[in-house]
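Heads up, the thing below is written out as structure tokens.
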Amino acid sequence: HPANRTLDAYRAVSADIFLLNKPCDDLDSSGTAIDYTGTLNTNGDIHLATAGAGTSFDVTYDAGSRHYTTRTATPPVSDPSLIRVNEYLMAPSGTGAEWVELFNPTASAIAVGGLYIDDLAAGGGAPKQIPAGTSVPAGGRWVMDVASGFFNNTGTDEVRFLAITGGVETVYDRTSYTLGSTQSDKVFHRTGDGGAWCTVISTSLSKGTPNPTTCP
């Protein structure tokens, strides 16, 4: 039996209210008189049937019937804060590019176009903007190549995935590393996609493919 709080909540969103009980109770559980204003049936019986191959349905009640169109589910909103820096190479040999791999652990694609890959805040090179229209597929990876020399080959540096709006940074994911000497064609990667970071640099490059499940 509905309480007034329940009925008021449905009325607040302009919902049609069909009661499967006869509205004969006078008081709700708090002892307050129940306000049945706006309820559409009085005998407790309703009939619901789909129509149009499931694209609509009809509800028949004691005083008539109402037709409803089935709504298309609203896709989940992309949340870039769920994206993870997954693997990166900071010292390619020869003329190769440095790169950063992003991983999407969710069941929906996430838009990342217009966001940035960067190193240390307020240091190093200018942030690299991800091309407009880019998204990371559900459970998948996306890799940005950058010209060699962006990330430090020795010493300490960071890899950051972030938004920059009006000069204000919002960092979604970051990781740091320290190298005593240049380690060409080696990467830092997580244990498996999205797992804990390995603290040892690795020769197991997996650019755009699943990460190794163990550390070096």
Side-chain angles (χ1 to χ4, degrees), residues 73-121 123-165 169-216:
T74 302
V77 176
S78 287
D79 184 356
S81 69
L82 300 175
I83 293 291
R84 293 291 173 260
V85 176
N86 202 44
E87 182 179 3
Y88 57 92
L89 182 145
M90 75 299 291
S93 61
T95 59
E98 300 175 4
W99 50 266
V100 177
E101 178 186 87
L102 302 179
F103 173 66
N104 175 5
T106 77
S108 301
I110 295 179
V112 295
L115 302 179
Y116 293 85
I117 299 293
D118 197 11
D119 57 353
L120 287 169
K128 305 299 183 183
Q129 189 170 36
I130 299 171
T134 301
S135 64
V136 186
R141 304 154 203 86
W142 179 82
V143 178
M144 171 178 266
D145 289 337
V146 296
S148 182
F150 185 66
F151 296 110
N152 292 344
N153 292 348
T154 60
T156 299
D157 207 350
E158 281 193 338
V159 180
R160 302 186 301 149
F161 168 61
L162 67 160
I164 305 176
T165 304
E169 296 185 349
T170 301
V171 179
Y172 296 127
D173 195 28
R174 72 199 311 162
T175 183
S176 62
Y177 64 92
T178 300
L179 293 174
S181 61
T182 300
Q183 302 289 316
S184 298
D185 296 329
K186 296 181 182 180
V187 296
F188 281 103
H189 62 74
R190 292 179 182 268
T191 308
D193 291 324
W197 279 103
C198 294
T199 58
V200 179
I201 199 165
S202 172
T203 58
S204 299
L205 282 67
S206 55
K207 180 180 182 182
T209 61
N211 283 1
T213 57
T214 59
C215 295

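Starting from 1, each residue takes its place in the sequence as its number. Because the structure is predicted, anything quoted here is derived from the model rather than measured.
- The pair Arg141-Glu87 does not count as a salt bridge, with every side-chain nitrogen at least 4.0 angstrom from each carboxylate oxygen.
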Discussion item. Assess the residue pair Thr170 and Thr165 against the criterion (side-chain contact (heavy atoms from CB on, under 4.5 Å)); give the C-alpha distance rounded to whole Å, side-chain angles, the decisive distance to 0.1 Å, and a yes or no.
Written reply: CA-CA 8 Å; Thr170 301; Thr165 304; over 6 Å; no

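- Of the charged side-chain nitrogens involved, none lies within less than 4.0 Å of a carboxylate oxygen, so that Arg174 and Asp119 do not count as a salt-bridged pair.
- Shortest non-hydrogen contact noted between Phe188 and Val200 is CE2-C, 3.8 Å.
- Panel note: side chain Arg190, backbone Gly195; a donor-acceptor pair is recorded below 3.5 Å.
- In this structure, Val143 and Gly208 approach most closely via the heavy-atom pair CG2-N, 3.8 Å.
- Checked against the 6.0 Å centroid threshold, Trp197 and Tyr88 count as a close aromatic pair.
- Distance CZ/Arg160 to OH/Tyr172: 12.5 Å, rounded to 0.5 Å.
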Discussion item. Please determine whether side chain to side chain donor-acceptor pair (under 3.5 Å) holds for the pair Thr175 and Glu158, giving the CA-CA distance in whole Å, both sets of side-chain angles, and the decisive distance to 0.1 Å.
Written reply: CA-CA 6 Å; Thr175 183; Glu158 281 193 338; over 6 Å; no

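- At least one donor-acceptor pair under 3.5 Å links the side chain of Asp193 to the backbone N or O of Asn211.
- Side chains of Ile110 and Leu82 form a contact here, defined as non-hydrogen atoms less than 4.5 Å apart.
- One N or O on the side chain of Thr106 and one on the backbone of Ser108 form a donor-acceptor pair closer than 3.5 Å.
- Under the 3.5 Å distance criterion, the side-chain polar atoms of Asp185 are matched with a main-chain donor or acceptor of Ser93.
- Ser202 contributes a side-chain N or O that, together with a main-chain N or O of Ser204, makes up a donor-acceptor pair within less than 3.5 Å.
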Item to complete: Check the pair Thr154 / Ser181 against side chain to side chain donor-acceptor pair (under 3.5 Å), numbers first and verdict last.
Response: CA-CA 5 Å; Thr154 60; Ser181 61; over 6 Å; no

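- Listed for the Thr191 side chain is a donor-acceptor partner under 3.5 Å among the backbone atoms of Ala196.
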